[in-house]
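Here is the structure we will look at, set down as structure tokens.
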2 protein chains.
Amino acid sequence: MKLTTRGRYGLRAVIDLAVHTDDEAVALSQIAERQGISMNYLEQLIAKLKKSGIVHGIRGAQGGYVLAMPADEISVGDILRALEGDLSPVDCYELNNSDTPCSSSDICVTKYVWKRISDSINDAVDGIMLSDLVAESKKVQAEAGITQVNQSKQTC
Amino acid sequence: MKLTTRGRYGLRAVIDLAVHTDDEAVALSQIAERQGISMNYLEQLIAKLKKSGIVHGIRGAQGGYVLAMPADEISVGDILRALEGDLSPVDCYELNNSDTPCSSSDICVTKYVWKRISDSINDAVDGIMLSDLVAESKKVQAEAGITQVNQSKQTC
DNA sequence: TTAATATCCGAGTAATTTAATAGGAATTAA
DNA sequence: TTAATTCCTATTAAATTACTCGGATATTAA
């Protein structure tokens, strides 16, 4: 039940992008450096965000990325689902529309458990907007006077 | 953010055990057969449940497993945490007491997200008792007249 | 006492997924 | 044209998952 680095790095990258957006596009190299994430890897993550319509890429010199929508219209759920796929704890045909139908869905009891978990996760992440995190981030950074993440490995 | 087969199989095994408990202990071979799970693998899972004090093993002939507590005192959260470890979406020093302190916890914004997710998951699973699932299972099985899981692969 | 039935325990392993790295093509501003 | 940048795909090492296997230990019943 752990998120992968895709979700963790990707969310940090989007927050970083949102925080550092003025009129110009933000280059991925800047986000990668500030967040201490390999740029090559970050490219793959931002590709998922682009595919889901959360960010928009601008090619060429002076290019970069911008949010495709206002930060208060992007939920953490949108971001995490783009990066991790659906946030359900199981691949269940009835919950998500999983690829293969489930042979024992008629006598399956655990599906009630999975649905409760799934709903609670999605409710939680859909209730937090990117703008909330941007506001929090600006507040915290103003207090600490730091914009760059520490070198040492982060687990979250 | 998916549970592994440990959590999925293990929860099904505990429900099966609880449903089929009369006065005698239930042999693992019976659970394995009914649930279509390899007995060798199930052994490893039940070992975790034993270690967490959820089931109790009785060795020797006519032995097997019994619940270590009444089913209405065992939550789905207890079971899943025994099988999967903590249900937090990240290894965060402040959330769980993770092994390594986090270098950037003072400027970390995502921790608020992880805490909301973690709390919502734990609240959900701690609110469902094994006895609830046993009751549901007996109801469903009475309707369907089936006690054994279908051969074909289950994804949940 | 012996045989059968179980749990208990640890080692090994194939398959899958994760977390990257790497290289180059396409696009655009200066 | 050149430098900066996104875009795209292939490859790979490490970790994790999902098992299998073999045998030791305990208990009951004949």
Side-chain angles (χ1 to χ4, degrees), chain A residues 1-13 17 20 23-33 35-68 83-85 89-91 153-156, chain B residues 1-13 17 20 23-33 35-68 83-85 89-91 153-156:
Chain A
M1 279 296 275
K2 291 278 179 280
L3 288 170
T4 66
T5 54
R6 290 192 286 275
R8 293 191 278 117
Y9 291 2
L11 178 57
R12 274 167 54 200
L17 170 59
H20 291 92
D23 287 341
E24 294 149 29
V26 181
L28 208 54
S29 56
Q30 292 171 35
I31 299 177
E33 193 183 6
Q35 295 299 322
I37 302 168
S38 135
M39 175 162 163
N40 279 316
Y41 190 38
L42 205 48
E43 254 178 16
Q44 295 176 25
L45 307 186
I46 206 120
K48 287 172 184 282
L49 293 164
K50 202 160 60 86
K51 204 172 162 191
S52 297
I54 291 168
V55 302
H56 178 229
I58 297 163
R59 304 184 71 167
Q62 310 303 106
Y65 291 92
V66 292
L67 294 178
L83 293 158
E84 295 272 349
V90 292
D91 284 326
K153 287 263 173 178
Q154 254 186 305
T155 55
C156 62
Chain B
M1 279 295 273
K2 291 278 179 278
L3 289 171
T4 65
T5 55
R6 290 192 286 275
R8 295 191 279 115
Y9 292 1
L11 178 57
R12 275 165 55 199
L17 170 60
H20 291 92
D23 287 341
E24 293 149 29
V26 181
L28 207 56
S29 57
Q30 292 171 32
I31 299 176
E33 194 183 6
Q35 296 298 323
I37 302 168
S38 138
M39 174 162 161
N40 278 316
Y41 190 39
L42 204 47
E43 254 178 14
Q44 295 178 21
L45 308 185
I46 207 117
K48 288 173 183 282
L49 294 164
K50 202 160 62 84
K51 204 173 162 191
S52 297
I54 291 168
V55 302
H56 178 230
I58 298 166
R59 302 183 71 167
Q62 310 305 109
Y65 291 92
V66 293
L67 295 178
L83 293 158
E84 296 272 350
V90 292
D91 284 325
K153 287 264 176 180
Q154 254 186 302
T155 54
C156 66

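Every chain is numbered from 1 and lettered A, B, ... according to where its sequence line falls, protein lines coming before strand lines.
At the heavy-atom level, B/L28 lies under 4.0 Å from the strands shown only through sugar-phosphate atoms.
Nucleotides of DNA chain D nearest to A/Q44 and A/Y65 differ in position, and the one nearer the 5' end is that of A/Y65. Both B/Q30 and A/M39 lie close to DNA chain C; mapped to their nearest nucleotides by heavy-atom distance, the more 5′-ward contact belongs to B/Q30.
Applying the side chain to side chain contact (heavy atoms under 4.5 Å, CB included) rule to A/Q30 yields the partners A/V26, A/A27, A/R34; only residues at least two apart in sequence or on another chain are considered.
Separating the CG atom of A/L42 from the P atom of D/dC7 is a distance of 12 Å, rounded to the nearest angstrom. The CG atom of A/L3 sits 10 Å away from the P atom of C/dA19 (whole-angstrom rounding). A/Y41 has its OH atom 19 Å from the P atom of D/dC8, to the nearest Å. The interatomic distance linking B/I37 (CD1) with D/dT20 (C1') rounds to 16 Å, in whole Å. Across the protein-nucleic acid pair, B/L45 atom CG and C/dC9 atom C1' stand 15 Å apart, rounded to whole Å. Between the NZ atom of A/K2 and the P atom of C/dA19 there is a distance of 13 Å, rounded to whole Å. We find that NZ of B/K51 is positioned 17 Å from C1' of C/dT7, with the value rounded to whole Å. Remark: C1' of C/dA19 and CD of A/Q154 are 16 Å apart, rounded to the nearest angstrom.
Atom OG1 in B/T4 sits 8.0 Å away from atom CG in B/L83 (nearest 0.5 Å). Going from atom CD1 of A/I54 over to atom CG of A/L17 covers 11.0 Å, rounded to the nearest 0.5 Å. Taken to the nearest 0.5 Å, the SG atom of B/C156 stands 11.0 Å off from the NZ atom of B/K2. The OG1 atom of A/T5 sits 3.0 Å away from atom OH of A/Y41, with the distance rounded to the nearest 0.5 Å.
Looking at the side chain of B/Y9, the nearest of the listed nucleotides D/dC19, C/dA20, D/dT6 is D/dC19. Minimum atom distance to the side chain of B/K50 is reached by C/dC8, of the listed D/dT17, C/dT7, C/dC8. Among the nucleotides D/dT20, C/dT21, C/dG23, the one closest to any side-chain atom of A/E43 is C/dG23.
Of the residues in residues 53-64 of chain B, B/R59, B/G60, B/A61, B/Q62 come within less than 4.0 Å of DNA chain D through at least one heavy atom, sorted by number.
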task: Under the side-chain hydrogen bond (donor to acceptor under 3.5 Å, both in side chains) rule, what do B/R8 and B/Q154 come out as? Steps first, then yes or no, please.
output: CA-CA 10 Å; B/R8 295 191 279 115; B/Q154 254 186 302; over 6 Å; no
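A close approach under 4.0 Å does occur between a side-chain nitrogen or oxygen of A/T4 and OP1 or OP2 of C/dA19. Contact between the side-chain N/O atoms of B/S38 and the OP1/OP2 oxygens of D/dT20 is found at a separation under 4.0 Å.
Side chain of A/E84 to main chain of A/G7: a donor-acceptor pair is present (N/O by atom type, distance under 3.5 Å, no hydrogens or angles).
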